[in-house]
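Atoms within each ligand, like the ligands themselves, are counted from 1 in listed order.
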Amino acid sequence: MFPRKAPKGAFRFLCYYFCMQKFLKFPDGFWWGAATSSHQVEGNTHNNWSEWEQSPRRIADLKQEGKNPKDFISGRGADQYHLYEKDFDIAKKLGHTMHRLSIEWSRIEPEEGKFDERELEHYRMVIDALRERGIEPMVTLYHWTEPLWFSKRGGFLHPDAPQAYKRFISRVVDNLKDRVGVWITFNEATTVLAGMAYKRGIWPPQYRSLWKFLQFRRAIVKAHILAYREIKKIYSSLDVSRAPYAAPIMSHNIKAPFVGAVENNTCFKGGRLIRALGIEWAFNRFYNEYLWSRTLPYQDFLGLNYYTLRRLPGSHSAVPETGHLLDQLGWEVYPQGIYERLMALKRFGKPIFITENGLYDSEDHYRGQYIKDHLRWIWQAIQDDTDVRGYLHWSLIDNFEWHHGFQMRFGLVEVDYETLERRIRPSAHEYAKIIQDNGLE
Ligand code: BGC
């Protein structure tokens, strides 16, 4: 599925010293593109998130914080549901060869067991629109949103949830099997979603329970394995994986000892530093690794969503000393971290895809530089024999940034939410030049 030719042995050595010192060339056939998710760009979805955004509790919380609830309701959003051809025209113009998008479960199966044929047809047209433009689709089956019937009965905490998920993905994959070769079962479900929705109580269903957090993660692992087997049954040649989140974790200026952990997002709030370090270590080093090893045989390639360095609670004062840039969310930009993550993944001997990487920069001051800095480290990882096949920037267009609402702009392309006009940002052109050259200085 993912062709790649990298210079090997003596030839590679000569290339490195005589040709590549100035120009960092990526392997032929390297995939370039961007990623999105349904709830964040399609508009007018009806799922657990859209319901939560409008719930009296959420509205009251926002008002109390002095915020306008309107800015936090996904509503029509960027309306990609209707404007996908326009967006894919832009992706084509920018030279993208791959695009990652997600399928909105609540559209396909609005009632338990009842599948909407028109929506299945809609996604066939979306995928065809990509293919007509020479762009390879990568499809995510679960990017955090659920149909109401599913979340109302307990979401992934319900004992039958993995089976219900399997039934949904089976229908979708069967529908698109001749058009889509690369599938992602879950986006950051065991990391970001589990933490925000089940442990920290910020996202729906707003649980603050270590037990539910653990239960949720177990169910996701089970559902992934079921889904993998099901997809392989449909077409054994389809490539299937997950898109997990991983970040180096630091305490003050000391990189935590579990930095080699392959997947993490577990930062425990409060507590003494030593205790926090201990819990972090146990979770990220052992528990996450355990979950990881269970799913490893069921991943044809490895996905990696990499954004930032994370700091243990209480160690933020050290940030300026490192000289790292902070994005508008206060996330600490640390390009070398993507190399560290890739080196941690290398030992599994599977092809790797950067399934997300980006920053919140509404003025587009740093995005171009951010992309280049990360790509230089990815290039370095490839030189060090890591089999990286592609890079998907987050995101193609501005999108609804979950509980942060519309203000946060991650797009290569700016969206005017009043007129729905799209404006290509300068960084998108810088990225297009890299794609055209298949490398950078
Ligand atoms: C998520 C996206 C989100 C992005 C920026 C990623 O972890 O997959 O949905 O928009 O982070 O916050």
Measure Val192 to ligand 1 on non-hydrogen atoms and call it side chain, backbone, both or neither using the 4.0 Å cut-off. neither
Under a 3.5 Å cutoff, is there a donor and acceptor pairing between the side chains of Asn47 and Glu104? yes
Can you find a non-hydrogen atom of His143 under 4.0 Å from ligand 1? yes
Quick one: which ligand 1 atoms are inside 4.0 Å of a heavy atom on Phe410? 5 (C), 12 (O)
Please name the pair of heavy atoms, one in Ile338 and one in His374, separated by the smallest distance, quoted to 0.1 Å. CG2-O, 3.8 Å
Please list the nearest protein heavy atom to atom 4 (C) of ligand 1 with its residue and the distance rounded to 0.1 Å. Tyr307 OH, 3.4 Å
Any N or O of Ser37 that comes nearer than 3.5 Å to an N or O of ligand 1? no
Residues Leu302 and Trp292: closest non-hydrogen pair is CD2-CZ2, 3.9 Å
Test the Arg376-Tyr339 pair against the cation-pi criterion, namely NZ or CZ under 6.0 angstrom from the six-membered ring centroid and within 45° of the ring axis. no
Residue Asn187 vicinity, atoms of ligand 1 by number, heavy atom under 4.0 Å: 8 (O)
Can you find an N or O of Glu188 that's nearer than 3.5 Å to an N or O of ligand 1? yes
What I want to check is whether the side chains of Ser102 and Ser38 have a donor and an acceptor closer together than 3.5 Å. yes
Non-hydrogen side-chain atoms of Arg100 and Glu356 separated by less than 4.5 Å: yes
Please work out, at 4.0 Å between heavy atoms, whether the side chain, the backbone, both, or neither of Trp394 comes within that distance of ligand 1. side chain
Can you find an N/O atom of Glu356 closer than 3.5 Å to an N/O atom of ligand 1? yes
Looking only at N/O atoms, are Trp402 and ligand 1 under 3.5 Å apart anywhere? yes
So is Gln40 polar-close to ligand 1, meaning N/O to N/O under 3.5 Å? yes
Regarding Lys152 and Glu51, does a basic nitrogen lie under 4.0 Å from an acidic carboxylate oxygen? yes
Under 4.0 Å from ligand 1, counting heavy atoms only, is it the side chain of Glu401, its backbone, both or neither? side chain
What do you reckon, are the aromatic ring centroids of Phe186 and Phe156 less than 6.0 Å apart? yes
